[in-house]
Structure formats: C-alpha cells, structure tokens
Colleague: 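To start, I am sharing the structure in question, which I have written as structure tokens.
The chains referred to below are lettered A, B, ... by the order of the sequence lines, with proteins before strands, and numbering in each begins at 1. Heavy atoms only: backbone and side chains are in, while hydrogens, waters and symmetry mates are out.
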Amino acid sequence: MEKNYGPSGFEGKIYAEWLDKKYFRAAPNPDKKPFAIMMPPPNVTGQLHMGHALNNALQDCIVRYKRMRGFEALWMPGTDHASIATEVKVAEKMRADEGLTKADVGREGFLERAWAWTAQYGGRIVEQLKRLGCSCDWDRLAFTMDAPRAKAVTDVFVRLYRDGRLYKGDRIVNWCVACKTAISDAEVEYETRQSSLWHIKYPVKNDGRGQGAEKAEYITVATTRPETMLGDTAVAVSPDDKRYRDLIGKTLILPLANREIPIVADAYVDKAFGTGAVKVTPAHDPNDFEMGARHNLPVIRVMNDDGTMNERAGAFAGLTREAAREAVVAALKERGFLVKIQKHTHNAGHCYRCGSVIEPIVSRQWFVRMKELAAPAVKAVEDKTVKLTPKRFEKIYLHWMRNVKDWCVSRQLWWGHRIPAYTCGECGELIVDYAKPDTCPKCGGAAIEQDPDVLDTWFSSALWPFSTLGFPDKTPELAYFYPTDVLVTAYDIIFFWVARMVFSGLYNMGEVPFKRVAFTGLVRDVQGRKMSKSLGNGIDPLELIDKYGADSLRFSLLNGTAAGGDMRFGPERVVSARNFMNKIWNAARFFHNAQCTMHNSQLSVGERSDNAECNGHFSLSEPVTDCPSKERGHFSLSQPVIDCPSKENSPAKKEKSVGEQSAGKACRADKDNAECRMQNAECNGHFSLSQPVIDCPSKENSPAKKEKSVGEVLSGSNSQMPNEKDPDNAFQFSIFNFQLSDKECRSEQNETYKLSPADKWILTRLNDTVKRASAFLDNYDAGLACAVIYDFIWGELCDWYIELVKPALYSDDAGEKGGALAVLARVLKSALKLLHPIAPFVTEEIWRSLPKAPGDPESVMTAAYPEYDKKLVFRGDAERFDKVRELIRGVRNLRAELNVPQNKRPRLFIFCKKEEKLVRRCLPYIRTLTFSGEADFIADAAGPQGRRTSVCVSDLADAYIYTDELIDLEKESARLQKEIENAEREIKRCEGKLADKGFIANAPKAVAAAEKEKSERYRVRLAELRASLARLGLRE
RNA sequence: GGGUUCAUAGCUCAGUUGGUUAGAGCGCUUGCUUGACAUGCAAGAGGUCGUUAGUUCGAGUCUAAUUGGACCCACCA
C-alpha cells in the first residue's frame, strides 16, 4: 500500500537472498584479480555503535564497488576477544548475578563464564552488521581467540622469542591498580589535572665537617607524589647547579623512613624546576628508574598490586595510595619536614579501560623489543609501500614508530591467549615453546608450570591480516589475498593496531599487511562531543535502521564528509538521506507508470480508465492485491513480466475500478483534505516490487501486425507473454534491447530512435558522473562519490530529465515514447549501479522490478559497475542544451518574480537569437518545464505588440509573456535593474581582466578566450535588458 | 614543550592540481498538491571564504605571521 519508500519490508529479505546465493563468497580465483579488506574486528561482546556503522558502511561500499569492478573481492569479518574489556565486564556480571569475585571462582571457573558470555553475545554484533548490509564472507568469520588464531599467536610468540625479539624483565610498567594488570604505553591516557607540588625537607646527615654549603642542614625536594618518598633511594640534583654542588655525594636521612640515601648528580634534573632537587624513587617512576640504573641505586617498591602500601612503607602499610598520601603529608607536617604546598597542574596517566590513575611500578613482564621491528615499519611508510590517508597520519605514525619503546605484552588477566612460556619448578629454567614440554630440557624435572599471564589483546589483533588467512600455514588464501588492499579504520587506533599490524606483517610475512590505510574520522554528537555511554549522547544505529532503513543510515554517514575528518551526526542527516532514497524510489515508480501510460494510449477509452489504476504504487511488503492484474498471479522473479491488466476485463471489475477512480478524482479536487488524498492514493493500483510487474495492456488487444513501427516494437505488441510455464522464453520487452550508440538507439529489429537533445544531455551527464564517481571510489573517497551520485540522481535525472521526457511519454508518437523510455531505463539502471555500493538494498529492490536487457544480471550487486562510455558523451549537444535549460530557468524566474502562480499557464512568445532549430525542437520541453500554455515564435525582437509584456533574456532566445494588469511597474523595473546590474558587474570583471596585459600574457589561452566570449555575451544581454526597460517607459 | 588540524551562508559541511557569477543539505521567505515523489516541485534571500601581510596576470585554494577552537604526542619531579 505504501507509495513511499519503506525499507523494512525488503531489506531483510534481500539480505537473506544474497546470503543464499553466496554472493559474498570470495576464494582464490586465478581468473580474477584479488581484492581484500580485513574488517577491524569489533569486540565480541560489543554492540554496534555509530563508529562501527560508519566504518563498516565504508568498507562495504568499497568491497561492493570492487566486486562490481570484477575483482575477487574478499571482505574478511571477525570479532575480537578484547581481553581486558571483556574480563572487566564478565567480572562485573559475575558479581552482580552471583555475588562472586574472580578469586572466588578461580581461573577455570572464570574462563567458563567468559566463554559462556562470548557464546551468548558473540553473535550479536555479527547480526547487527548484517542488518547494515555488510557483504562479508561470513563463512570465514574469525575470532581472535579461536583455534586457528591461537595457533598463529603461539607461532609468532615462539619465533619472536627465539629471534631475541622478546624478553622477560623487571621494568617500570604502567600498572592499573583497578584492573590489577600491566598495560602498554598506548593504553595510558594522559589527562591534565589540578594537583599540588609538595616541598619536603630532607635532612643532610651530619658528618661533623661543616664546609661549603656548611649551613645546609637540609635539602628541599619538590614532589607530586609524597607517598612514594618511602621508596626513595636517592635525591638527584643537576651537576651544574651551584646551589647543590658541594652536597653531591653527601648522605641524607630520609624522613619518616629514617633511611640513609645519597645525593647524586644527574643531567636529567632541571635546576629551574621546583627546588632543583628531585627525590629518586626507582620503583615508582620511569625516569627515576632510569636514574636509579645509572647510579646503581636500589629499587624499593612500597606498593602492592592493588595500590595499597606494602610492608616496606612501614607505618603506612595497608593504606591505599590516597590515604597514604594524606598520612605521609600529615606526618611530615607534624615533624616539621613539610616546607610548603604549591598548586600545580600535571599530567596524570589513566587506564584507557577503567579510567583509574596509572601507577608506574617495577614489575616482571614480557616485552617485545621494538627497535629492530620498527625500522622496516618506518621504511614501509616512508617509501609508501603502505600509504596512509589522509597524509597527516603518516607523520603521526612515523613519529610514534621512530620513538617507540619496548612493548609490554603480558597481562595479569585470564581472558586472552595464555603466554606459551613455562618455568621448571626444579631448576627455574624458562622454556618458550609451541606446547608444554613434559620434562625440563635442562634438568629433566617434570614440575613444569605455564606462565599464568595472558597476552595483550593487540598482540593477536596485530596478526589479523594474515592469521585470518590461515597463517602460519601457507594457504592458497594467504598467497592470493595477502597483502590486503586497504584497511579502513578510525584514526584513534593508529598506535594500538595499525602500527602493530605493519611491523607484525613485515616480521612474519615479509610483506606489509595492506597497501593503503583509509582512516575515517570519529562520529560525534551534534555538539561535537564524542559519543559515549557515560554522556548518554550516543545514537543507536539500529534504531535508525529500524526507522529509516540501512541505506539511509549508510548514506547519511558517508555522504559529504571528507575522509578522515570527524563528523557531527544528528538524526536530520538520516531524514535527508531517507528522502533521497524515497526520491529514487519514486523515480522508479515514474518509470513503471510511464510504461503503463504508454500502453494506455493504445487502448480504448474504457480500457484506459481501467488501466489508470496502475498509475500508482509499489507495494514493498505486500503481494499484488488490488491491481486488476492480480489474478494473473504467475510472475517470475528472474524474468521481467509483462502484465496485462486488460486481459481479463470482467465488466464487474471494470466498473468497480472506474468507480474508485472517479471517487479519487473527486477527492483530488478537495485540496486540503489529506485523508481524501490518502483514499485517493488507495484508488491507485499497486505494483509489487517483489514481484516485478510490467504492465502490458496491449497483449491481447493488439492485432498482430507484420509491419513494425517503432512504437509497436516498443510496446511489445507482437511479443510473447512470458510466464513461469515458459521459462526459456527469450522475450524481453523490446525497447530494452535497444543499444545506445552514437546519436541513436537501435533495437534488435533494427528499429532506430534518434536521441533527443534531452537524451544526449542526460547521457553526457551520466557519463560524467560515472567518471567522477569512479575516480572517487577508486581512491576510497566514498563521501565525495556520494555527493556526485546524489547530485546526478536528484539534480539532473529527477529534476530535469524525468520532467523533460514527459512530453515525449505523453505524446501520441509511439516511437518518441519508446525511445525516451529506453533511454530512461538505461539511465535509471546505470544510476542504480552507481549507487549500489552506497545504498545496496533500495537499488537491489528497484533493480529487480526493472526489465532486464541482455546481459543484465538478476542482482544489481553482481552487475558490472558503469564505465565511462565516450560514445555516449555528446559534449557539444549537452552544452547547447544547457543553454536551453538556462532559458527555462529564466522563464521560471520571470514568472516567480511576477508572481504568476504555477497553476496559471500563460502564453509564451519566443524570439530566437540563435540555434533556432534546437529551440524549436526543445519547445515541448520549454512549455512543460516552464508551465506555459501555447508558445509562439516571433520575429520581432521587441516582443509581441499591443499588450504589455515582460521578458527574460538569455543567450539563445528572449521569452516574453503577457503581463497586462499583472505587471507591477515598480517590481518589473527592479527586476530588470537587478539583471542589468548583474550584467554590468560581470562585464566590468571580464573587461578588467582582458585589459590587464599580465593576464593576456600569462593566462592560458582558453581562459582568456572564455573571458572574452563571456564579456561579449553579457554585452548583448545588457543591451537587450536596457531596451526592454526602455519599452516600459522606464529608465535606469 | 613539540606536532597536527580546523575556521567558507543562521546551523552542519563540500570545494580535487590556483582560472566562469564560491556550492549542497537543513533552516528561512514566496508560490504551487503539476499524472513519480508534500519524504515533493519552482523561485528567492543569505557569504568582503577568521585576521593581516605576501607570492601571482589571477588566491577560498600557495607562503608567512596572527587570533580562536579541537586533537595527538612528550619523562619535567
């Protein structure tokens, strides 16, 4: 019943059919060029958010485009186990549901629950991606923690270790006290916070010899972490700081702890900051750790893994770090060691998962030695083996990669790939191997324990481009699809993932993982804020799909955004996209109706009124019900069906239809009655898109004729009716067998139709669009491709061409009609192909309803993407036709300025200045598109005499309309003045340029010639405008 | 501290390598239910392209400075 676009009725069904037909499958195929994209695996327990929607819409667009371009296009889907994120969620759920902690259930119990959780929610995001229309090869769906990926992870870990690229050591790591695990540098987010700088006196140990800074009983240090002073093992000063020069080498008594610590000189210290003296706490600060190493200082760790103070903190043991800080400061104050507290802002690291303040702590962890791995990864980007776009991300990447530090890959978690490292309980030997050894290779002992830790999630993600293709086995997939072509991802995981894939690919495969990275921006809310759960400003893409359809959502995310830029997203965007889908929908309806109309003209009056019901609607979800043709029933999906409502014109039925129709007409007269409109809509019959129906009323009524006029051929009057019983019937509605060639369209029967000016214009525009859209898509610039296709479909095909073909379609010349319809079909189908990668569902749904030409596949997704066809570019004709459009716009403008309402059809008088043949040929267009009545050509440049007129001046012709009493002299004068001023301004500009010797000397000839031509044109126009002003008895 | 990026119509944004009168969507004004579409059609208003200086015959586009916003990186206690 819906005459409007209603995606919920067909998207699911179409997707199921695509799956069923295995259109998404990709496999090594020597006859085709490979194309591969690896989906950034979303978290297995995650839900689709707008970022995913954007990212995957773009990938799908690219992969569909490449598929249509003839590539063996693989889009590899998968999910990520998201070690820390999932572990946190599972622990939370466990606590909420069962009141249990990880410690309560133990490793096995916890993993059981985590796998159960994965089983329960793991498919959710996949189903959500399907709703978006993603054409992934789902048969290959991978999970970063499934068996093949585990094999790849173990293989890489063992080889890294044996290559000396992996080591275990005590180093300062970023420790999250809430997650109780180490995390990598990339996982720390720095935030500027208001804090304090505590100045603390450390007494100098009296050695009995007061000299130099003899009065120095104390040295004052400034710190942001007073609680860590309990772990201090030195105080450092700058070697060239005169204030402290004589104290270097002396000993201090560490307050509260009463330990002796040395004063050391280290270049790291900035004498200008604070007091110029730094307390050194190697166990709790990365810089101090390094200083400690330089000066052989002991490392005293005073904190537990959970952020509480340990026994080394003496009296403060057991306190949390926050409580310890207060207690330490209070104690210092009480004992007179606190000098002052300054306000201070500093950067504090926070865990990117839980947000708690990161504690730098010395810990024994596994590290990937980055220096050697990074070098080729730097080179690959430098020499563009991997191209990052937009280009600015190359700088970011290179800066990071050149300064990268060793990567801490061990995590004190359970959910993840357990590290394949084992320790002999007897001799302590460390063994790294593919499987747990039965006995220690060193001492033969059997008490072998596996490392309890798991690997960083990103360790397995880094292998994604090849682990998904079967690595470490040498599979045909790996040989065929690797390196992949493009990675599409948001720029916020450039370090986490992109950079690590590059060096992992180079290390493990000897080749980069992808040739190109197309970064997307972030989807923000209308105010420009990141969408987040805590802010509650997120938009649920699934709700948008429910309401507007997946195509609308995709289009709204892709259209008009520059690659890599953030976007502000509000629901209005989707509404606008939905309107566009509706527009295309209705363009297709127009096509179907136009055929109906064409057949109509060959019917008797009675038949015509019956057939009028078919001017109406497609039903997406419902089968044909009300259409008179419904009884015929047997439509074939694979073949275009020509339906003939007139075939079974039972008198009763006919009468009813006519009655309905006239009721509709009566309603129509009532302008304000919306309800009536709706009723009227119902009076119109229905097409079902799911069962393509092409109306052919003439089948039985037309006498078989031997002599074939174009029109008859077009109407299919001498053709067989196809149906399911006759599947091999090669009948195609013959107009669609027309081959478009230079200047004409020729049918199989050798009938020809000369392309109209409008045809040539739209075909030229179509090809221009094909060229531009393809260029953008080749560069993965879907946003710009969208804009180009949108402009073509709405601004040219719908706003102009469909209006332009109406005179031909409603005329009595069957040849004109058929030809126009053939061209319209051709352009419409090309438009669907152009748009398909962006809006796959609606294009498919419409495609199925359209008659097929030889070679047209049943699904638009398997059609070839349109290619630029020089034969169908009529540059000169199109440019001349643009002048006709200019004339039309001029007349419309004139009418609007004169307040001639659109339902008035004034007579038009045309004084043609050039291209008269063309203008005469285009007269039907001009009349229709300017809502004019009769149109006459006149010979007098001053317009028709005897009555008052108003004129619009254009390059081709001047058009007059009677204005008589309508005219408001003042308004008319103002209108003409405005045009005169406009012309004068342009002339001035042009002539200014032309008078400039530099311009003439340096500008390209074409540019100069264009300026000259323009100035001449405007001079003519100016003269005419002045003349018409004069005729009104007005002056400037 | 280093770096990147943005600034164009009331709002959100396009604007390829410098070259017609700087575009679109939404919003606004006016007219219109016109045989595809009121989820629409037609017409219109609205911009000295953040500021300044430069390069150039010519700058929204290139250069430098400047103002304001966003982001990234970095060990300043």
Side-chain angles (χ1 to χ4, degrees), chain A residues 3-5 190 197 221-225 236 268-270 272-275 277-281 285-288 290 344 346-347 390 392-393 395-396 399-400 403 491-492 494-495 526 528 559-562 565-570 572-573 575-594 597 612 615-617 668 671-672 677 684 772 775-776 779 781 783-784 787 790-791 795 798-799 802-803 806 810 889 892-893 895-897 899-903 928-929 931 982 985-986 989-990 993 996-1004 1006-1008 1010-1011 1013-1014:
Chain A
K3 67 179 175 182
N4 291 329
Y5 163 69
Y190 288 90
L197 195 57
V221 301
T223 181
T224 52
R225 304 285 318 272
Y268 162 76
V269 180
D270 173 5
F273 186 88
T275 61
V278 186
K279 67 191 235 355
V280 181
T281 323
D285 183 281
N287 298 305
D288 293 5
E290 284 172 26
H344 182 66
H346 80 300
N347 267 348
R392 63 176 181 272
F393 293 112
K395 283 189 184 176
I396 295 174
H399 181 258
W400 187 83
N403 298 292
Y491 61 76
D492 57 350
I494 183 166
F495 307 133
V526 188
N559 184 37
T561 51
D566 290 357
M567 73 188 308
R568 293 181 184 207
F569 193 95
E572 325 75 60
R573 287 184 84 106
V575 172
S576 161
R578 190 275 318 269
N579 293 351
F580 178 50
M581 300 307 146
N582 187 57
K583 190 74 184 177
I584 303 157
W585 186 256
N586 280 295
R589 287 184 61 220
F590 172 79
F591 173 82
H592 287 284
N593 290 3
T597 313
N615 292 325
H617 315 289
R668 250 175 196 285
K671 298 187 180 186
D672 297 318
R677 267 211 298 275
N684 295 325
R772 296 177 64 204
F776 287 133
N779 197 36
D781 267 329
L784 299 175
Y790 177 96
D791 287 346
C798 292
D799 285 351
I802 284 182
E803 297 305 319
K806 282 179 180 173
Y810 302 142
R889 266 200 219 101
R892 285 171 170 175
N893 176 274
R895 293 175 51 116
E897 298 272 349
N899 295 322
V900 181
Q902 255 170 46
N903 47 9
T928 310
L929 272 75
F931 321 104
N982 191 25
R985 192 171 48 240
E986 290 311 309
R989 269 179 49 95
C990 290
K993 277 190 180 180
D996 185 336
K997 280 178 196 159
F999 176 74
I1000 299 298
N1002 296 314
V1007 174
E1011 288 296 327
E1013 190 269 339
K1014 185 181 157 192

Colleague: Would you mind classifying the nucleic acid contact of A:Y268 as base, sugar-phosphate or nothing, using non-hydrogen atoms under 4.0 angstrom?
Modeller: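 Base contact - A:Y268 has a heavy atom under 4.0 Å of at least one base atom.
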Colleague: On a whole-Å scale, what distance lies between the P atoms belonging to B:U48 and B:G10?
Modeller: 8 Å
Colleague: Take atom P in B:U4 and the same atom in B:A77, then report the distance between them in whole Å.
Modeller: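 Comparing P positions in B:U4 and B:A77 gives a spacing of 25 Å.
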Colleague: Looking only at side-chain atoms of A:N582, point me to the closest of B:G25, B:A14, B:C37.
Modeller: B:C37
Colleague: Examine the side chains of A:Y790 and A:N559 and answer whether a donor and an acceptor come within less than 3.5 Å of each other.
Modeller: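 Per modelled atom types, A:Y790 and A:N559 side chains form no pair under 3.5 Å.
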Colleague: Applying a 3.5 Å limit to both distances, which nucleotide forms a Watson-Crick or G-U wobble pair with B:G60?
Modeller: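 None - no nucleotide pairs with B:G60, as no candidate has both distances under 3.5 Å.
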Colleague: Atom CZ of A:R573 to atom P of B:U12: distance rounded to whole Å?
Modeller: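 From A:R573 CZ to B:U12 P: 12 Å.
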Colleague: Just how far, in rounded Å, is P of B:G1 from OH of A:Y190?
Modeller: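 Rounded to the whole Å, the gap is 19 Å.
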Colleague: Rounded to whole Å, how long is the line connecting atom CG of A:L784 with atom P of B:G15?
Modeller: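 From A:L784 CG to B:G15 P: 6 Å.
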Colleague: Considering every strand and a 4.0 Å limit on heavy-atom distances, what is the contact class for A:R889: base, sugar-phosphate, or nothing?
Modeller: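 Sugar-phosphate contact only.
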Colleague: How is A:D270 classified with respect to the nucleic acid when contacts are heavy atoms under 4.0 Å: base, sugar-phosphate, or nothing?
Modeller: base
Colleague: Looking at every strand, decide which applies to A:I494 at a 4.0 Å heavy-atom threshold: base, sugar-phosphate, or nothing.
Modeller: nothing
Colleague: May I ask which nucleotide in the shown strands pairs with B:U5, Watson-Crick or G-U wobble, both distances under 3.5 Å?
Modeller: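 Paired with B:U5, as far as the under-3.5 Å criterion goes, is B:G69.
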Colleague: Which is true for A:K583 with a 4.0 Å heavy-atom rule: it touches a base, it touches only sugar-phosphate, or it touches nothing?
Modeller: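 The answer is base, as A:K583 lies within the cut-off (heavy atoms under 4.0 Å) of a base atom.
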Colleague: What interatomic distance, in whole Å, is found between C1' of B:A22 and the corresponding atom of B:G31?
Modeller: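 Those two atoms are separated by 28 Å.
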Colleague: How is A:A1010 classified with respect to the nucleic acid when contacts are heavy atoms under 4.0 Å: base, sugar-phosphate, or nothing?
Modeller: nothing
Colleague: Would you say the side-chain atoms of A:R892 pair up with the backbone N or O of A:L929, donor to acceptor, closer than 3.5 Å?
Modeller: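 Indeed, once roles are kept as given, a pair shorter than 3.5 Å links the two residues.
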Colleague: So, is A:N899 close to the B:U30 phosphate, meaning a side-chain N or O under 4.0 Å from OP1 or OP2?
Modeller: no
Colleague: Would the base of B:U39 count as contacting A:R578 through its side chain, where contact means a donor and an acceptor less than 3.5 Å apart?
Modeller: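 Under the 3.5 Å cut-off, the side chain and the base do form a donor-acceptor pair.
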Colleague: Looking just at side-chain N and O atoms, do A:Y268 and A:D288 make a donor-acceptor pair shorter than 3.5 Å?
Modeller: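 No.
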Colleague: Check whether any side-chain N or O of A:K395 sits under 4.0 Å from OP1 or OP2 of B:C72, and answer yes or no.
Modeller: no
Colleague: Say you pick atom C1' in B:U66 and the same atom in B:A7; how far apart are they, in whole Å?
Modeller: 13 Å
Colleague: Base, sugar-phosphate, or nothing for A:A222, non-hydrogen atoms under 4.0 angstrom?
Modeller: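 It contacts base atoms.
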Colleague: Need one value for A:A1001: base, sugar-phosphate or nothing, where a base atom within 4.0 Å counts as base even if backbone is also close, heavy atoms only.
Modeller: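 It contacts nothing in the nucleic acid.
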Colleague: Would you kindly give the CG-to-C1' distance between A:L929 and B:A36, to the nearest whole Å?
Modeller: 15 Å
Colleague: When the P atoms of B:G58 and B:U20 are compared, how many Å lie between them, rounded to an integer?
Modeller: 15 Å
Colleague: Ignoring backbone atoms, establish whether A:H399 has a side-chain N or O less than 4.0 Å from OP1 or OP2 of B:A74.
Modeller: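 Checking B:A74 against A:H399, no side-chain N or O comes under 4.0 Å of OP1 or OP2.
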Colleague: Counting Watson-Crick and G-U wobble pairs only, both distances under 3.5 Å, name the nucleotide matched with B:U29, or none.
Modeller: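 B:A43 is the nucleotide pairing with B:U29.
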Colleague: Between the base of B:A36 and the side chain of A:E803, is one N or O donor paired with an acceptor at under 3.5 angstrom?
Modeller: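 Check passes, donor-acceptor contact within cut-off.
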Colleague: Determine the interatomic distance between P on B:A45 and the same-named atom on B:C71; round to the nearest Å.
Modeller: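 Pairwise P distance, B:A45 against B:C71, rounds to 39 Å.
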Colleague: Suppose you measure atom P in B:U61 against the same atom in B:G18; what distance do you get, rounded to whole Å?
Modeller: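 Straight-line distance between the two P atoms is 11 Å.
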Colleague: For A:K583, what residues pass the salt bridge (Lys or Arg N to Asp or Glu O under 4.0 Å) criterion, not counting sequence neighbours?
Modeller: none
Colleague: For A:V269, answer base if it contacts any base atom (sugar-phosphate contacts may also be present), sugar-phosphate if it contacts only those atoms, and nothing otherwise; contact means non-hydrogen atoms under 4.0 Å.
Modeller: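 Counting heavy atoms under 4.0 Å across all strands, the contact made by A:V269 includes a base.
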Colleague: Which part of the nucleic acid, if any, lies within reach of A:D492 when heavy atoms closer than 4.0 Å are counted: base, sugar-phosphate only, or nothing?
Modeller: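 It contacts nothing in the nucleic acid.
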Colleague: Please measure how far the P atom in B:C26 lies from the corresponding atom in B:G40, and state the result in whole Å.
Modeller: 7 Å
Colleague: Please work out if A:C990 contacts a base, only the sugar-phosphate, or nothing of the nucleic acid, heavy-atom cut-off 4.0 Å.
Modeller: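 Counting heavy atoms under 4.0 Å across all strands, no contact is made by A:C990.
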